[in-house]
Amino acid sequence: MIPLPGIHSLRARLLWLLIAAITLAALLQGGLAYRSALSEADQIFDYHMQQMAMSLRSGLPVTVTSPLDGPGEARPGEEFAVQVWTTGGLLVFRSNLRVPLPTRVVLGFATMRAEGASYRVFSLASRTHVIQIAQDLTVRRRMAGNLALRAVLPIAIIGPALLLIVWWAVGASLAPVARLRRQVALRQPDELTELDEAGVPEEIQPLVRETNLLFGRVRRAFDAQKSFVADAAHELRSPLAALKLQAQGLQRAPDDEARTLAITRLLGGIDRATRLVDQLLILARQQASDAHGAKAEALSLADIARLELAEAVPAAQARGIDLGLVQADEVAVWGHREALRILVRNLLDNAVKYTPDGGSVDVAVRRDGQGVVFSVDDSGPGIPEADRARVLDRFYRVPGTPSTGSGLGLAIVKAVAELYGAALSLATSPTRGGLRASLRLPEHTQAAQS
């Protein structure tokens with residue numbers, strides 16, 4: 001739409017542009033109609049003068065024996081003046097003394113001035129006479145103007161009526177938009193139901209659909225937040241209660257040995273509670289925003305895997321677990337470094353945690369025809385097929401699992417993977433017999449980036 005400085009209302013812009021267009025068109029059409037009517041009136045008057053002269057020519061006698069005896073009578077108000085000459089230059093008839101027509105004539109149409117007035121003159125010659133018909137141009141123009149105004153009058157009437165129709169039509173067309181505005185204005189802060197699309201113009205429907213999709217995403221985010229807060233409150237209750245009991249045990253310790261044992265248990269409980277809080281914060285950040293709003297970049301997944309492996313080696317060595325990178329294809333993925341490190345770190349932590357002492361954990365980064373696959377194979381007990389879908393939920397742990405944990409590791413992996421459109425799959429490891437956790441990510445290429 002043409003920008004109009006200072007006018008931000010769609011209704012005002014439409015009305016302004018349509019009124020300006022209709023007014024301009026009416027003025028242009030009125031001007032053309034006025035000029036056309038004047039031209040047609042001139043042609044009609046000329047035609048009447050010509051027909052009058054021809055009718056006089058057919059009614060005159062062949063010869064005239066005497067000249068005009070006296071001057072003709074002046075008749076004010078007569079529209080036409082007639083003068084008849086013989087071919088010998090003898091004036092035989094004059095209808096109006098006020099119009100002194102010239103004795104020399106130019107056959108056909110001509111314009112002349114006499115006594116401060118302009119006249120339109122038509123001269124016609126026969127074998128014996130010359131006939132002159134004259135009309136005052138002031139009278140002609142007045143009559144032509146009246147005819148032209150009559151032609152313009154319908155435009156002058158239709159123009160304002162059309163403006164009223166446009167005013168009504170714009171208001172009626174924008175009524176659904178006003179209804180949508182009222183829907184949004186009357187909503188409560190927690191009301192995220194979809195807007196009604198009935199009767200909405202096609203140009204506004206995409207905006208309404210996107211707004212409804214946004215409401216849906218916000219509603220799901222609110223629901224997830226409520227569920228997260230409820231689950232977090234439930235999960236934090238148990239470690240806090242355990243910390244309280246351990247603190248009471250430390251308070252009741254009868255000797256140094258019992259006090260040392262109680263302190264060890266208390267520190268272990270604090271570590272578990274700290275890890276739970278850290279996992280909760282990581283999950284909350286990943287669900288709240290796309291990797292904290294950081295700028296995405298091309299990253300080497302193999303380099304990230306090596307970095308996280310180096311951090312996991314001390315914990316694996318303490319339990320005699322063989323941890324290694326069995327394949328590292330140099331491929332790039334498009335994403336955020338911290339988010340990808342969270343993915344790799346949580347999969348490695350889960351594998352090391354649930355692998356028995358002296359076991360093995362293999363990490364691989366490989367390229368296939370469908371993208372990049374990051375996989376972790378361990379020799380632990382694995383996860384029964386019936387529980388593989390549920391372990392991706394927050395705070396769910398397979399019954400009978402000997403290792404302690406919060407049940408958030410795989411939930412965090414799932415939340416981050418969804419941000420990148422990555423596919424997380426759990427299966428039995430064909431090489432180690434335990435669990436294989438695989439992530440399939442799209443490979444970064446210049447074409448994909450552009």
Side-chain angles (χ1 to χ4, degrees), residues 267-286 291-292 294 296-366 372-380 383 391-392 397 401-417 419-420 422 424 426 429 431-432 434-441:
L267 292 175
I270 293 174
D271 289 339
R272 287 191 294 273
T274 301
R275 178 174 177 79
L276 174 59
V277 172
D278 289 342
Q279 295 285 69
L280 287 173
L281 291 176
I282 291 173
L283 180 59
R285 285 198 301 267
Q286 294 305 318
H292 322 298
E297 56 183 332
L299 300 169
S300 171
L301 191 56
D303 290 345
I304 293 177
R306 293 188 187 98
L307 181 62
E308 295 302 323
L309 274 171
E311 294 187 3
V313 164
Q317 287 180 345
R319 298 174 50 206
I321 296 175
D322 180 18
L323 176 63
L325 185 62
V326 297
Q327 184 176 350
D329 293 346
E330 290 299 331
V331 291
V333 295
W334 188 254
H336 305 86
R337 182 177 298 276
E338 184 60 29
L340 292 176
R341 290 189 63 179
I342 290 173
L343 284 175
V344 175
R345 182 187 309 139
N346 279 274
L347 290 180
L348 284 175
D349 287 349
N350 269 5
V352 172
K353 182 188 301 181
Y354 293 105
T355 297
D357 295 349
S360 300
V361 176
D362 294 337
V363 179
V365 178
R366 65 182 184 275
V372 182
V373 178
F374 172 79
S375 62
V376 180
D377 293 77
D378 63 59
S379 57
I383 299 176
V391 295
L392 301 179
R397 300 181 71 248
T401 302
S403 178
T404 60
S406 60
L408 283 173
L410 290 177
I412 292 174
V413 173
K414 177 186 176 184
V416 179
L419 296 176
Y420 297 100
L424 173 63
L426 304 177
S429 172
T431 57
R432 295 301 179 183
L435 179 69
R436 166 174 284 185
S438 301
L439 272 174
R440 183 180 298 277
L441 300 94

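Along the sequence shown, the residues carry numbers beginning at 1. Atom set for the values below is all heavy atoms of this structure, side chains included, hydrogens, waters and symmetry mates excluded.
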Restricting to non-hydrogen atoms, name the atom on [X] and the atom on [Y] that form the minimum distance, rounded to 0.1 Å.
| X | Y | result |
| --- | --- | --- |
| Ser379 | Ser360 | OG-N, 2.9 Å |
| Val373 | Ser438 | CG1-CB, 4.4 Å |
| Val365 | Ala305 | CG2-CB, 4.1 Å |
| Val326 | Ala364 | CG2-CB, 3.9 Å |
| Ile321 | Thr355 | CD1-O, 3.8 Å |

Can you list the residues that meet the side-chain contact (heavy atoms from CB on, under 4.5 Å) rule with Ser429, with sequence neighbours excluded? Asp377, Thr431, Arg432, Arg436
Are Phe374 and Val333 close enough that some pair of their side-chain heavy atoms sits under 4.5 Å apart?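 No - every pair of side-chain heavy atoms lies 4.5 Å or more apart.
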Taking the side chain as everything from C-beta on, heavy atoms only, tell me whether Leu348 gets closer than 4.5 Å to Leu323.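 Result yes, sub-4.5 Å side-chain heavy-atom pair found.
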What pairs with Arg319 under side chain to side chain donor-acceptor pair (under 3.5 Å), at least two apart in sequence or on another chain? Asp357
Atom [atom1] in [X], atom [atom2] in [Y]: separation rounded to 0.5 Å?
| X | Y | atom1 | atom2 | answer |
| --- | --- | --- | --- | --- |
| Asp362 | Gln327 | CG | CD | 11.5 Å |
| Arg440 | Leu424 | CZ | CG | 12.0 Å |
| Leu309 | Leu325 | CG | CG | 5.5 Å |
| Glu308 | Asp349 | CD | CG | 8.0 Å |

For Asp303, give me all partners under salt bridge (Lys or Arg N to Asp or Glu O under 4.0 Å), at least two apart in sequence or on another chain. Arg306
Worked check of side-chain contact (heavy atoms from CB on, under 4.5 Å) between Asn350 and Val376: CA-CA 10 Å; Asn350 269 5; Val376 180; over 6 Å; no
